[in-house]
Each structure stands twice: as C-alpha cells, then as structure tokens.
Protein chains: 2
Amino acid sequence: MAFATACKLQEPVTIADKLFLDLRRAILEGELPAGKKISEPELATAYGVSRGSLREAIGKLENCNLVTRKPNIGARIIGFSTSQLMEIYQIREAMEGMAARLAAENMAEDEVARLRRILERHKAEIDQHHNYSQQDVDLDFHFSIIQGSKNSRLIRMLCQDLYDLVRFYRFRLKASFNRSEQAFQEHNLIVAAIERRDGEMAETLMRHHIRASRDYACKMLDKVSPSEV
Amino acid sequence: MAFATACKLQEPVTIADKLFLDLRRAILEGELPAGKKISEPELATAYGVSRGSLREAIGKLENCNLVTRKPNIGARIIGFSTSQLMEIYQIREAMEGMAARLAAENMAEDEVARLRRILERHKAEIDQHHNYSQQDVDLDFHFSIIQGSKNSRLIRMLCQDLYDLVRFYRFRLKASFNRSEQAFQEHNLIVAAIERRDGEMAETLMRHHIRASRDYACKMLDKVSPSEV
DNA sequence: CATCCTGACATTGTTGACACTTTCAAGTTA
DNA sequence: TAACTTGAAAGTGTCAACAATGTCAGGATG
C-alpha cells in the first residue's frame, strides 16, 4: 500500500522499532483485539524479546494512541466507541481542511498530476467493484493531499498520530462503509479546486467531504447498533 | 499557573513520570538549551536515576515533540526555526478554530462566565502593565476554550502535544512579544461570539486572531534576525 | 451473610551489567 | 599531505534479576 510505504520513511533498525511496527500492524488488523489488556511477560515471550524492548515498543504505541497505560496497572489496546470516532472526524475536518488549503497553494505541478491519477484509479476500481481496494485508494488520496501541504508537523500529526486511529476504526467497520461513488464525486471537486489553486474552496470542499463521511458513518453505526455507546 | 495545573490531571507516581516532568520544565524554561545533545549517562547520574528510567522519560519527551531521537546515535533537544514556528501557527489556526466553534456549541454557562472573568483579569493586567503575567493569562484563555470544546482528543492533541511547543517558543521569544492590547480586543470578540453561541463566527474570529498573532511574530522575527533560518 | 483483614501470587517499575554501534584520534600508506 | 585503516573510548541498545505495587482468594469478625 502506497500509504504505508510513503508514510514510513525510516527503516526499523532496532528491535524495539521492529516490535513496534509488528504490534501496530497486529492492532490495526485486529489480530490483537480492541480493549484487550497487554501482559508484558506474555507478549515478551511470544515475540522472543526482553521486557525492556517490549516496554519501549509499548511506549511508542502509546504515542500513536493505540494503547493506553496506567502506572502500576499496565497497558491495554484502545477500545472503540462512536463518540471517539466522532471526535476524530471533527479533528480531521479541521486539520485536513487546512491541509487541502495549503496543498492548493504549495503542491508542485507533478504532484497535482499524480493526485489526478489517483482519482482515475479510484474511478476504475469503482467501475470494477473492487470494494476491498477502494479503501486503500481513499487513504492514498487523503495522504497525497496531506503531503502536499508541505507542513511537516501537520503531516506528522495526521499520518502518524491520527491516521492510525482512522485505520483502526476503518478495519473494524469496513463492512458498513460503501460510500465510494459519493466520495469519488467529492474527491473530484477537491482536486479541481487544487488544480485551480483555490485554497479557500479546497478547504471548504474537504471539510464538507469529511463531514459527509462522518454523517454517513454515524448513520451506519446507528443502523448496526443503535444502543451502543 | 492555572494552565499547567488544569492540563496535568494525573500526579506523577512513577520515577520516569517525575523525571519526564522535570526535564520538560527544564527544556521549556531554557535550562536545557535548544539543540543540545542529551547524554544518557550524564543526565542519569545528574538526576540520580538509572538509565532505564531516563530512557522512558526521554520517550515521553519525544512524544511531546521536545526531543528527537535517532537509533544508535541519541536524543537531542529540538532546535527552533522560524519555519517550524510558522507551521505550528498554521496547525493552531485549524485546530483552535475548530475548538472555538465547538466551545460555542458545547460550553456550559458557568464555563462561559469563567471565560469572561479571565478576560477581565487580562484587562486588569494590561492596565497595570504586568507584562510577565499576560502570557499566563493568554495561555489560560486559549486553554479554557480548548477545554470548552469537550472533544477529549482535540484537547489532548492541543494541550499535550502542541502547547508544549508553543511554550517552548514563547519562552525564548518573550521579549519580542507585546501584542497584548490587540490580542485582548480579539479575545473580547471571540468571547462575545461564544456567549451568543455563534460557532461559525467564533471559529472565524479565532482563526483571524491566531493568524494575526502569527503575522506579528513573523514581523518581530524579521526585525530581530532577518537572515535567520 | 456481608465486610474487612491477610497473605500468597502475578504484574509492573527499576536497576546494573553486557553487547553492539558509532566516533574519533593516532598511525600507516600512497 | 591526503586518504585510508585501526583500535580504543564513549554511547546506545538489550537483557535478566531485584524491588515495589496491585490483585485476588481464603478466612476471621461483626
């Protein structure tokens, strides 16, 4: 997936880094269930490393907001709740809106062209009903715009901190999400605004897009489990 | 300072936590100079703790973006650059704008009243030329609005991740910053919008306020050191 | 019967020692 | 002299053992 590769610039050189990536993948792909308590001795022996390295890896996971720790009690995988998902959408609306504005101002021409190609790929996969890869192409789209903002800290906050959570939720709700055609239309408008270098409009459209995505997710969650917190 | 106390909910119970808070304060207040390399053995003996605890504390500092680490090479305190400061302002514009919108929608009446009182304190200190405490009152103002958003993740991202950096820069540039009267007027407008529960306007005004603050900082930096990166 | 102690067990926090990598200066060679 | 090699020193990464804390079942007490 282009998203993962492009977002992870540095190779894992140390054991703790490798472990961190392993555990992150395991959490994002549901191998380690949400809400589960992490037992340090258990995991350490399972992965064949010492507790020290594991603790360092857990520390990094805490930074990604994928686990929470309490002193003298331990770490657990985050749970998922509708309210937390809504919070994430609000933050994405603000930050990706800004990213779209900056991308319209700062993206190089070839980057804009690449963005347009992602859109074409998206359309092709819709026509062929490749539902499984539409999520990847969607991530690529958002990721490219974030990169285009050229704001290194914004990029880090979104790609490293927030999008892990997005993927965490997306993986667990993927069955419900099939808004690709509508999303494609909205993506189209955003790219057009970026091509016109209209930052104001790009931001407005991106915020609208993410709000629509939030509303859709909210409706789907209500349908699936109306009583769930 | 109300900001620091209210933002730190949990007591430091573990050695690594205490060390983390100590080091964070030392960095924010310039005790440890920007850009300095951190020697683990040196610091560990200086604080009378083992390297393991120190490394855990450094990990937390890395999460706050106050130090950067490279494998097998070590950690160093972040440096400061105008471009990085501008990036932070862009992110604050987006996120605090959203926070102000949500605060207008979600703040309880007594919280709004408290906000108004902060403003009165601000005015009193301007009249008495208490420049040193105006920065604190400014932090309290922004912090209260962020809290008022009721978005727990937004609060965490701003208060824990971004505002450490704000304080890092503010401490090192405090001499140049004397925009309190203008800032007070802008704060006034924002509170008025929140009191009217006008989220749209609160966001617009907050974004304007932060952009004005950025422009001012930019101008000051140019005046002080036009050639600096 | 419910509540409170109590003590053994399991888990986390902390430490010092060992292994590996980087750095840097002295010496060698073209 | 400049560039490369080498070896020691310093620093970081990793580990296993110890100390401190939290957990929970069993029994005593009202």
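Here the structure is a predicted model, which means the values were calculated and not measured. Values below: every heavy atom of this structure, side chains too, minus hydrogens, waters and symmetry copies. Reminder, nothing fancy here: chain letters follow the sequence lines and each chain counts from 1.
- Here C:dG13 is the nucleotide among D:dT23, D:dA16, C:dG13 with the atom lying nearest to any side-chain atom of A:R69.
- At a cut-off of 3.5 Å, with distance as the only test, a side-chain donor of B:R114 or B:S144 sits close to an acceptor on the other residue.
- Counting atom types as modelled, B:R51 pairs no side-chain N or O with a base atom of D:dG11 as donor and acceptor under 3.5 Å.
- At a cut-off of 3.5 Å, with distance as the only test, no side-chain donor of B:R170 or B:Q135 sits close to an acceptor on the other residue.
- Within the nucleic acid shown, B:G52 comes within 4.0 Å of at least one base atom, counting heavy atoms only.
- A:E56 places its CD atom 16 Å from the P atom of C:dT15, with the value rounded to the nearest Å.
- When each of C:dT12, C:dT23, D:dC15 is scored by its nearest atom to the side-chain atoms of A:S53, the top-ranked nucleotide is D:dC15.
- Distances were taken from every side-chain heavy atom of B:S39 (C-beta onward) to each of C:dT15, C:dG13, D:dG11; the shortest belongs to D:dG11.
- Put simply, CD on A:E40 is 14 Å from C1' on D:dG22, counting in whole angstrom units.
- Summary of the strand contacts: B:E42 and A:D17 both lie near DNA chain D, and taking for each the nucleotide with the nearest heavy atom, the more 5' one is attributed to B:E42.
- Of the candidates D:dC15, D:dT12, C:dT15, C:dT15 carries the atom nearest the B:I15 side chain, counting heavy atoms from C-beta on.
- Atom-to-atom, NZ of B:K70 to P of D:dG11 comes out at 18 Å; the value is rounded to the nearest Å.
- Nearest-nucleotide positions on DNA chain D place A:V13 closer to the 5' end than the other of A:P71 and A:V13.
- Classified by interplanar angle (parallel below 30°, tilted 30° to 60°, perpendicular above 60°), the ring pair A:H187/A:H209 is perpendicular.
- Nucleic acid contact for A:L19: none, since no nucleic acid atom lies under 4.0 Å from a heavy atom of the residue.
- If you check the side chains of A:R211 and A:Y89, you find no donor sitting under 3.5 Å from an acceptor.
- Listed nucleotides D:dT12, C:dG13, D:dA16 differ in distance to B:P41; the shortest reach to its side chain belongs to D:dT12.
- We find that NZ of A:K36 is positioned 12 Å from P of C:dT11, with the value rounded to whole Å.
- Within the nucleic acid shown, A:I58 has no heavy atom closer than 4.0 Å to any nucleic acid atom.
- Look at A:E62 and A:R24 and you find no salt bridge, because none of the NZ, NE, NH1 or NH2 atoms lies under 4.0 Å from a carboxylate O.
- C:dG13 atom P lies 11 Å from atom CG of A:L54, rounded to whole Å.
- Distances shown here put every side-chain N or O of A:T14 at or beyond 4.0 Å from the OP1 or OP2 atom of D:dT12.
- Counting to the nearest Å, the P atom of D:dT12 and the CG atom of B:N72 are 10 Å from each other.
- Atom CZ of B:R55 and atom C1' of D:dT12 are 6 Å apart (whole Å).
- Atom NZ of B:K37 is separated from atom C1' of C:dT23 by 11 Å (rounded to the nearest Å).
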